[in-house]
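First comes the structure, then the notes that go with it.
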Amino acid sequence: MASFVTNTYCRVERVCRHLPVVLNTFLVFSITGEVSYLVLAEAPLETGWVESGASIGWWKALHLLAQYFMLGNICWNASLFLNTSPTIRGVFLGGEGMVQGWRYCYTCESHTPPRCSHCYDCKVCVLRRDHHCVFFGQCVGFRNYRYFLCCLLFMWSGLLYAVVMNAEVFMVILKEGVTPHSVLLLLVPWIMLVSGQVSPRAFAFAFIADTCVVGLLLVSAFLFFHVFLLLRGQTTREWYSSRRPYNQGPLRNLRHSLGSCWFLCWLSPLIPSPLPGDGIHFQVTGSLEPAVAAR
């Protein structure tokens, strides 16, 4: 009986670990499909620039090209993020030359370098650990930080694009003014669908439009927060303790986290950008002790 419960728990844990990735994938492709439909089927046919001789076909082609460029970058960066291990597994840490900041992890039974900490979700220590990303089910660390940040960047740009393209959906919903029906359709489309107040098509458009707005707000907060930390040379854990002992200035911080080709690597994950460090040794430029507020 105990073994059955243990096996069941392990299976449920594995399913729950991959559930956020499956949900994110479903939302990304749903939004992409809805915006593609808006471009192909609901594209404006009577605009000033169309009347002046521009082809509506080129308009659609440019929109689809931009859309699938962003989708490709999201998927590729997410795939590389998940397949690039940020942990100490397979890394020779060395025992000599240990200076201030090194610790001993009793779970991994190993000495760990500065900025490295143990993740109890991943069950291993992570080099220059930033945080455990619940949306991907993996830690953000030294080797996969670039892919995490670029994925956030293209998710933000894609959601911003989707919100702009869904502006017509909001206008259709609110064309008769701010009524209880339109407000409920925007806030709780599920209830409107179950109660039979709207068609499945209207529900799908309203739900995806709402998802784009909420997603844009969340992703904007995450992206701007991590750009702020990147320029300061901090991880999320160091921000909590108000420490900046590894800050080398904005440009060198960018190079240290995104690689030698930091100014181009955001365009595509295929652009090589070797990291200058090893995730073990860091140049200390400030106090390693947490900042104390003045009284």
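Ring geometry for Phe81 against Phe148 counts as tilted: the plane angle lies between 30° and 60°, on a 0 to 90° scale. Relative orientation of the Phe282 and Phe142 rings is perpendicular, given thresholds of 30° and 60° on the angle between their planes.
A distance of 11.0 Å separates CG in Leu127 from SG in Cys139, rounded to the nearest 0.5 Å. In this structure, Tyr145 OH and Arg129 CZ are separated by 14.0 Å, a value rounded to the nearest 0.5 Å. Taken to the nearest 0.5 Å, the CD1 atom of Ile31 stands 4.0 Å off from the SG atom of Cys212. One finds the CZ atom of Phe69 at 8.5 Å from the OG atom of Ser157 (value rounded to the nearest 0.5 Å). In this structure, CG in Leu223 is found 12.5 Å from CG in Leu218, a value given to the nearest 0.5 Å. The CG atom of Leu184 sits 11.5 Å away from the CD1 atom of Ile173 when rounded to the nearest 0.5 Å.
Taking the six-membered ring where the residue is Trp, the centroids of Phe203 and Trp190 are separated by under 6.0 Å. Under the 6.0 Å cut-off for aromatic ring centres, Tyr147 and Phe136 do not qualify, their centroids lying 6.0 Å or more apart.
No more than 12 heavy atoms of other residues, nucleotides or ligands shown are found within 6.0 angstrom of CZ on Phe222. Other residues, nucleotides and ligands contribute over 12 non-hydrogen atoms within 6.0 Å of the CZ atom of Arg244. For Arg143, the CZ atom is densely surrounded, since the number of other residues' heavy atoms within 6.0 Å is greater than 12. Enclosure of atom CD1 in Ile191 is not indicated, since only 12 or fewer non-hydrogen atoms of other residues, nucleotides or ligands lie within 6.0 angstrom.
For the side-chain hydrogen bond (donor to acceptor under 3.5 Å, both in side chains) with Ser257, the lone residue among Arg252, His226, Arg146, Arg128 that qualifies is Arg128.
In this structure the side chain of Val126 never reaches within 4.5 angstrom of the side chain of Ile88, judged on heavy atoms. Using a 4.5 Å cut-off on side-chain heavy atoms (C-beta onward), Leu216 and Val213 make no contact. Between Trp239 and Thr235, every side-chain heavy-atom pair lies at or beyond the 4.5 Å cut-off. Lys60 has its side chain out of reach of His63: every pair of non-hydrogen atoms, C-beta onward, lies at least 4.5 Å apart.
Side chains of His132 and Tyr120: a donor-acceptor N/O pair is absent below 3.5 angstrom, by distance only.
Leu65 meets the side-chain contact (heavy atoms from CB on, under 4.5 Å) test with no other residue; sequence neighbours excluded. For Glu238, the salt bridge (Lys or Arg N to Asp or Glu O under 4.0 Å) partners at least two apart in sequence or on another chain are Arg115.
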Practice task
Check step by step if ring pair (Phe, Tyr, Trp, His ring centres under 6.0 Å) holds for Phe205 and Tyr37.
Solution key: CA-CA 11 Å; Phe205 277 111; Tyr37 175 81; 5.8 Å; yes
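Alongside Tyr106, the hydrophobic cluster contains Tyr104 (criterion: ILVMFWY side chains under 4.5 Å).
For Thr285 (side chain) and Asn247 (main-chain N/O), a donor-acceptor pair under 3.5 Å exists by modelled atom type.
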